[in-house]
Amino acid sequence: MTTGDIKPAHDFIRDIIRRDIQTNKYDGRVHTRFPPEPNAYLHIGHAKSIYINFSIANEFNGLCNLRFDDTNPTKEEQEYIDAIIRDIRWLGFDWGDRLHYASDYFEQMCEYAVQLIQKGKAYVDELTAGEIREYRGTLTEPGKQSPYRERPIEENLDLFKRMRAGEFPDGSYVLRAKIDMDSPNMNMRDPVMYRILRARHPRTGDKWCIYPMYDWAHGLEDSIEGITHSICTLEFEDHRPLYDWFLDELGIYHPQQIEFARLNITYTVMSKRLLLKLVQDKSVRGFDDPRLPTLSGLRRRGYTPEVIRNFCQHTGVAKANTTIDVAFLEHCLREDLNQKAQRVMGVLRPLRLVIDNYPEDQVEEFDAMNNPEDHATGTRKVPFSRVLYIEQDDFREEPPPKYYRLAPGREVRLRYAYFITCVGITKDERSGEIVEVHCTYDPATRGGDASDGRRVKSTLHWVSARHALEAEVRLYDLPFSKENPMDVEEGTDFRAYFNPNSLEVLTSCRVEPALADVPSGSRYQFERMGYFCVDPDSSPGKLVFNRIVSLRDTWLKIQKQQE
RNA sequence: UGGCGAGUUGUGUAGCGGUAGCACGAAGGACUUUGAAUCCUUUUACCCAGGUUCGAAUCCUGGCUCGCCAGCCA
């Protein structure tokens, strides 16, 4: 697959928009928006929505707004506003001067509410929350009308004014739309429009003590901003008749809502509420934990914005609920990083290797390619000496079938350096653990080629013990052990499937000296091991890398087959 | 047993009355100074049953299955 290709974007949303342009429905205009509630960090599911809204606007010469849906101050915080802005910028999207807030429209919304009251289409109710729930009926039984439903218009006007003025305690009154308590659509059974809520709002402070409900506010926000296509997720499908009702009763500009299926990925959870739980119970270290599908987590892990954009583009847009295989995300990662990441040698689990016939004090430098996918990146020098570290996995005393790496008596290549042959091992007398491998090298293979045409079956990465830098490497595995962690057995919680081995910290890794001053966030391929990103915890004295993703590993597959 | 929506290979997606395509995955092979990358080959699908039609994944009818909805959350 070539995720870099430009797909002739053709999905049901773009079909609708093309049709609307042809019929001149909105004077040919296309104006979308991404409307997050600032109550949590964004995750890759949001990235899909962001991608759809911004790229559609871009494709059709339209605009896309960023609008915070800040209608519930009990859950929303400035920290989230800041994080969301940072994440969308990082993804590479720009909303120009069109950063809006639902709270900018509170006054206008109140005026609309008064209009509805005046039309006899809204009333102040004083049923308790519990009573409202009872009166609403169930999915199969119709609701009952509130005894306050037929209050005179003047009284409603007065009460609503006093609700706003702060004359009543929290929860004592609500403003409800007067629609249809018998509707088979629960959303139409006189939904609440305003509640009394004394909470400090991140932007309006204590100015308001009544706040609009999402269902009331959302359609108005889109209308006020002149949005043409209000793209949202499937669960809002049966709210659409309600938005339509509000807009039509008010007689104001009417965008078209289009719903698409939200993104799911195997072995993770894609819900703000659940991600918050993992953070709160310290299963992970924060919203930016590299195991989480949050944008800040993926960024810290080492994802590039391009990976996420490609992924979003190629997962498509549809109305059927689907779950993408996490392997596809990893594919997108490797595809991008393979092009971009500088190659380097790093040993994760070091095993001492001594070249018996190499002069004690000699040091050589070999030229290593920075990126074979991009020769313009040039080469660097890698020091070589008598004592090296190789990967523990790259030596077996008793090699299994199809194992090509180093074993007693076997010859392999050290990348860019020499052919070496294993001539012996040293074991710890007590534990029996191999502590050192002894080899001889063939000076005629300098640079890694045998002039006599001799071949070896494998090439190992290595670092010079004297020159290597110590590093910490954090290995990540899937955050959950179950394909769908939401599919919980009774009495358990999705956290029962949290993968306790999703983080493994290796503290005695060795990397080549070229990595001495790497900046936080830079990405490398440790040859044969995977892609790694410098963590913010890293410093020149104490390097810390996150493994972004391993390389595809054929040997691992062979081993699994052999089991 | 109310309403809304959705069913194309293991996964995701195309198709819009005329040979079911693409990508991921999987399996095999070529190449290889990364068991990577790259290249080649193979593999499996139209939810079911009727109907319309020369011809149906596509249109019609009926069923089945799955998702969402009973916050003063969004």
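Note that this is a predicted model, so its numbers are computed, not measured. The chains referred to below are lettered A, B, ... by the order of the sequence lines, with proteins before strands, and numbering in each begins at 1.
- Nearest nucleotide to the side chain of A:Arg195, out of B:rC72, B:rG25, B:rC24: B:rC72.
- A salt bridge does not link A:Lys340 with A:Glu373: every distance from a Lys NZ or Arg NE/NH1/NH2 to an Asp or Glu carboxylate oxygen is 4.0 Å or more.
- Distance from the side chain of A:His331 is smallest to B:rG25 among B:rG25, B:rG35, B:rU34.
- Considering only the side chain of A:Asp553, B:rG35 comes nearest among B:rG35, B:rC72, B:rC69.
- Contact annotation for A:Leu460: no contact, since no heavy-atom pair falls under 4.0 Å across all strands.
- Residue A:Asp215 is classed as having no contact, given no heavy-atom separation below 4.0 Å to the nucleic acid.
- Here B:rU32 is the nucleotide among B:rU32, B:rC72, B:rC69 with the atom lying nearest to any side-chain atom of A:Arg455.
- Considering only side-chain atoms of A:Val192, the nucleotide from B:rA70, B:rC72, B:rU34 that sits closest is B:rC72.
- Using a 4.0 Å heavy-atom cutoff across all strands shown, A:Glu131 reaches no nucleic acid atom at all.
- In terms of the side chain to side chain contact (heavy atoms under 4.5 Å, CB included) criterion, residue partners of A:Asn72 (sequence neighbours excluded) are, by chain and number, A:Glu37, A:Thr74, A:Lys75, A:Glu76, A:Arg195, A:Leu197.
- A:Ala320 comes within 4.0 angstrom of the backbone, heavy atoms only, and of no base.
- Closest-nucleotide positions on RNA chain B for A:Glu373 and A:Asp70 were compared, and the one nearer the 5' end corresponds to A:Glu373.
- Partner assigned to B:rA20 is none, using Watson-Crick or G-U wobble distances below 3.5 angstrom.
- Across all strands shown, A:Ile132 has heavy atoms under 4.0 Å from base atoms, whether or not it also approaches the sugar-phosphate.
- For B:rU1, there is no paired base (Watson-Crick or G-U wobble, both distances below 3.5 Å).
- Salt bridge annotation for A:Arg33-A:Asp222: present, with a cationic side-chain nitrogen under 4.0 angstrom from a carboxylate oxygen.
- Evaluation of the salt bridge (charged side-chain N to carboxylate O under 4.0 Å, His left out) rule for A:Arg133 yields no partner, not counting sequence neighbours.
- The shortest non-hydrogen separation linking A:Tyr194 to A:Cys110 is OH-N, 3.4 Å.
- Every residue was checked against the salt bridge (charged side-chain N to carboxylate O under 4.0 Å, His left out) condition with A:Glu391, not counting sequence neighbours, and none meets it.
- In this entry B:rC31 has no Watson-Crick or G-U wobble partner, no candidate having both defining distances under 3.5 Å.
- Distance from the side chain of A:Tyr404 is smallest to B:rG35 among B:rC68, B:rG35, B:rC69.
- Shown here, B:rG71 is classed syn by the O4'-C1'-N9-C4 or O4'-C1'-N1-C2 angle, which is within 90° of 0.
- Under the salt bridge (charged side-chain N to carboxylate O under 4.0 Å, His left out) criterion, A:Lys144 pairs with no residue, sequence neighbours left out.
- Under the salt bridge (charged side-chain N to carboxylate O under 4.0 Å, His left out) criterion, A:Arg380 pairs with A:Glu512, not counting sequence neighbours.
- Remark: B:rA37 base-pairs with no nucleotide in the shown strands. Criterion, Watson-Crick or G-U wobble with two distances under 3.5 Å.
- For A:Arg528 and B:rG35, the shortest distance from a side-chain N or O to OP1 or OP2 is below 4.0 Å.
- Closest to the side chain of A:Arg136, from the set B:rG12, B:rA70, B:rA37, is B:rA70.
- Here B:rA6 is the nucleotide among B:rA6, B:rA27, B:rG2 with the atom lying nearest to any side-chain atom of A:Lys319.
- Between the C1' atom of B:rC72 and the CG atom of A:Asp190 lies a distance of 14 Å, rounded to the nearest Å.
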Output side-chain donor-acceptor pairs under 3.5 Å for residues 316-330 of chain A, partner residues at least two apart or in another chain, one line each.
from: A:Lys319; atom 1: NZ; to: A:Glu237; atom 2: OE2; distance (Å): 2.8
from: A:Asp325; atom 1: OD1; to: A:Ala327; atom 2: N; distance (Å): 3.0

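- Heavy atoms of A:Gln525 sit under 4.0 angstrom from at least one base atom.
- For B:rC46, there is no paired base (Watson-Crick or G-U wobble, both distances below 3.5 Å).
- Nearest-nucleotide positions on RNA chain B place A:Ile324 closer to the 5' end than the other of A:Ile324 and A:Asp170.
- Residues satisfying the side chain to side chain donor-acceptor pair (under 3.5 Å) test with A:Gln559, not counting sequence neighbours, are A:Arg396.
- Among the protein residues, A:Tyr403 comes within range of the nucleic acid bases, having at least one heavy atom under 4.0 Å from a base atom.
- When the nucleotides B:rC73, B:rG2, B:rA70 are ranked by their closest atom to the side chain of A:Glu37, B:rC73 comes out on top.
- Taking every side-chain heavy atom of A:Leu139 into account, B:rG2 is the closest of B:rC72, B:rC24, B:rG2.
- Phosphate proximity of B:rG71 to A:Arg133: present, with a side-chain N or O under 4.0 Å from OP1 or OP2.
- Residue A:Ile210 is classed as having no contact, given no heavy-atom separation below 4.0 Å to the nucleic acid.
- Side-chain atoms of A:Arg405 and base atoms of B:rG35 include a donor and an acceptor less than 3.5 Å apart.
- Aromatic rings from A:Phe68 and A:Tyr101 are positioned such that their centres are separated by under 6.0 Å.
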Assign a letter to each nucleotide of nucleotides 14-22 of chain B from its 5' end: B, base within under 4.0 Å of a protein heavy atom; S, sugar-phosphate only; -, no contact. SSB------
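- Using Watson-Crick or G-U wobble geometry with both donor-acceptor distances under 3.5 Å, B:rA6 finds its partner in B:rU65.
- A sub-4.0 Å separation between OP1 or OP2 of B:rA26 and a side-chain N or O of A:Arg552 is present.
- Under 4.0 angstrom from either OP1 or OP2 of B:rC73 there lies no side-chain N or O belonging to A:Thr74.
- OP1 and OP2 of B:rA37 both lie 4.0 Å or more from every side-chain N or O belonging to A:Gln339.
- By the 6.0 Å and 45° rule, A:Arg510 stacks over the aromatic ring of A:Tyr389.
- RNA chain B lies under 4.0 Å from at least one heavy atom of each of the following residues of residues 236-246 of chain A: A:Phe236, A:Glu237, A:Asp238, A:His239.
- Residue A:Lys557 places at least one side-chain N or O closer than 4.0 Å to OP1 or OP2 of B:rA26.
- Neither OP1 nor OP2 of B:rG2 sits under 4.0 Å from any side-chain N or O of A:Ser183.
- The minimum heavy-atom distance between A:Asp20 and A:Gln256, with the atom names listed, is OD2-OE1, 3.2 Å.
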